[in-house]
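To start, the structure under review is shown below, and the notes come after it.
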Amino acid sequence: MVGACAIGLLVPLMAIASPATERRAGEGSSGIGDSYFPLDGNGGIDVRHYDVRNSYTFNTGRLAGTTRLRVTATQDLERFNLDFLLPVNRVRVAGRRADFRRAQGHELIITPRAPLASGDRFNVKVTYAGKPGSKTYLGESNWLADSSEVVTMNEPHMAPWWFPANDHPRDKATMDVRITVPKAMKVISNGTRVSRTVRGAQATTRWRSVEPMAPYLAFFAAGRFAVRSGEAAGLPYVNAVSKRLGAPSIRSHLRQLRRSSAITAWMASQVGEYPFSSTGGVVTGLRVGFALENQTRPTYPPLPALPTSLIVHEIAHQWFGNSVSVDRWRDIWLNEGFATFMEVRYAETHGGPSGAQWLQDAYGQTSATDTFWRQRIDDPGAANIFASEVYQRGAMTLQALRQRIGDPDFWATLRSWAADRADGTGTVADFEALAESVSGEDLDGFFDAWLRTPAKPAPTAANGL
Ligand SMILES: [Zn+2]
């Protein structure tokens, strides 16, 4: 603020009209318009496909590669941005060498030889090499690797550590991932394995995702893994467990991961057709304190036993988070509240307490003075998108909604949400409007009490209690 005041004294008022938000025509913006993460994603481009070809050296932690992007200009462009952290050697746009420079955060600003017109489809080829483990963005050091295993898993940011992306859920794309590592290592990624080619001491494994995917949900794991693949419950699956966990643990983790297929089928029976064409999961041997719902193939931390509820949660995200994604990160309730609610529903349908009993207990056990009730759920703040309240109160909101509008309308709402917005995004307001439209009820007061008021909802029928 001191700087802004000083400038104000020296220049005419007209000249200081929000210079930070102005941009010239033909310039793609540095962010897609997410208030929590202003540099995430970029304006002016729509990526349709990523073709990532990387090689990784375990002992140096060096990643080198080339990513080809198929892009559509959504406005006239003299230059545009991608989100990427590694040092870049070369950029080509439409087959011609392009100028590029780095800017704040993870911005890679690319200036093609010739301007692009709105609607133009063009290819971008970025060649790069560096150590992802040395890179940070917004204070996050998200590269997870040691001398014999690597797994890319994080949210909301992961792509810029290993491929140049338009890194926001609003821009989904299909994807090909080729990873080259020593041939003793295995590589697992999203979707379907296309091929594995051995050349000398190295092997290149190619995976393909035919359904559009948000960049943060793309992943690869490489290292010594026990891999099981096949078909179950009508879907191909690939399950993998790090061999460093030891034989008994590998066996028990593979047994648990095998449940992913049946849990996927169970989810489909609840909320509608599975949005993707393969399933499975990966248990890493690296020390990580969370699981992540990477598209088609969640990654799990090494635990003494992999809880079924955790698999249910990550599989539920395939519908709520991956197929229907947040439109802005403030909409995170649509991911975490929903996946947590499906854990409750799974318990209810598998010999556990009913959803009603669960809500009664959760509501009754948390006193009105508990700080738990202070967290706003529909707009938790960038630092709190993964606060436990977003999960717990978020799931309670859905059970309360179920009690407020009744089972038929509640499940019709969830199914419609998943079907109508498949491969797209939605906002909390969109979901509220859908619930009102399906139930024919005015639910403003209900959602205000559960999602927007920093207090315990009153125990009323209107609040679903
Ligand atoms: Zn989750």
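One-based numbering, in listed order, for ligands and for the atoms of each. Counting from 1, the numbers follow the sequence of the chain as shown. These numbers were taken from a predicted model, which means no experiment stands behind them.
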Assess whether atom CZ of Arg224 is packed by more than 12 heavy atoms of other residues, nucleotides or ligands within 6.0 Å. no

Measuring to the Zn ion (ligand 1), does Glu314 have an N/O/S atom at a distance below 2.8 Å? no

Need one value: angle at the Zn ion (ligand 1), His313 atom NE2 versus His317 atom NE2, rounded to 10 degrees. 100°

Do Trp162 and Phe220 make the cut of ring centroids closer than 6.0 angstrom? yes

Atom pairs and distances, side-chain donor-acceptor, residues 60-68, under 3.5 Å, sequence neighbours left out:
| residue | atom | partner | partner atom | Å |
| --- | --- | --- | --- | --- |
| Thr60 | OG1 | Arg62 | N | 3.3 |
| Thr67 | OG1 | Tyr128 | OH | 2.8 |

Run the side chain to side chain contact (heavy atoms under 4.5 Å, CB included) test against Ser388 and tell me which residues pass, sequence neighbours left out. none

Please give the atom name: the N, O or S atom of Glu336 nearest to the Zn ion (ligand 1). OE1

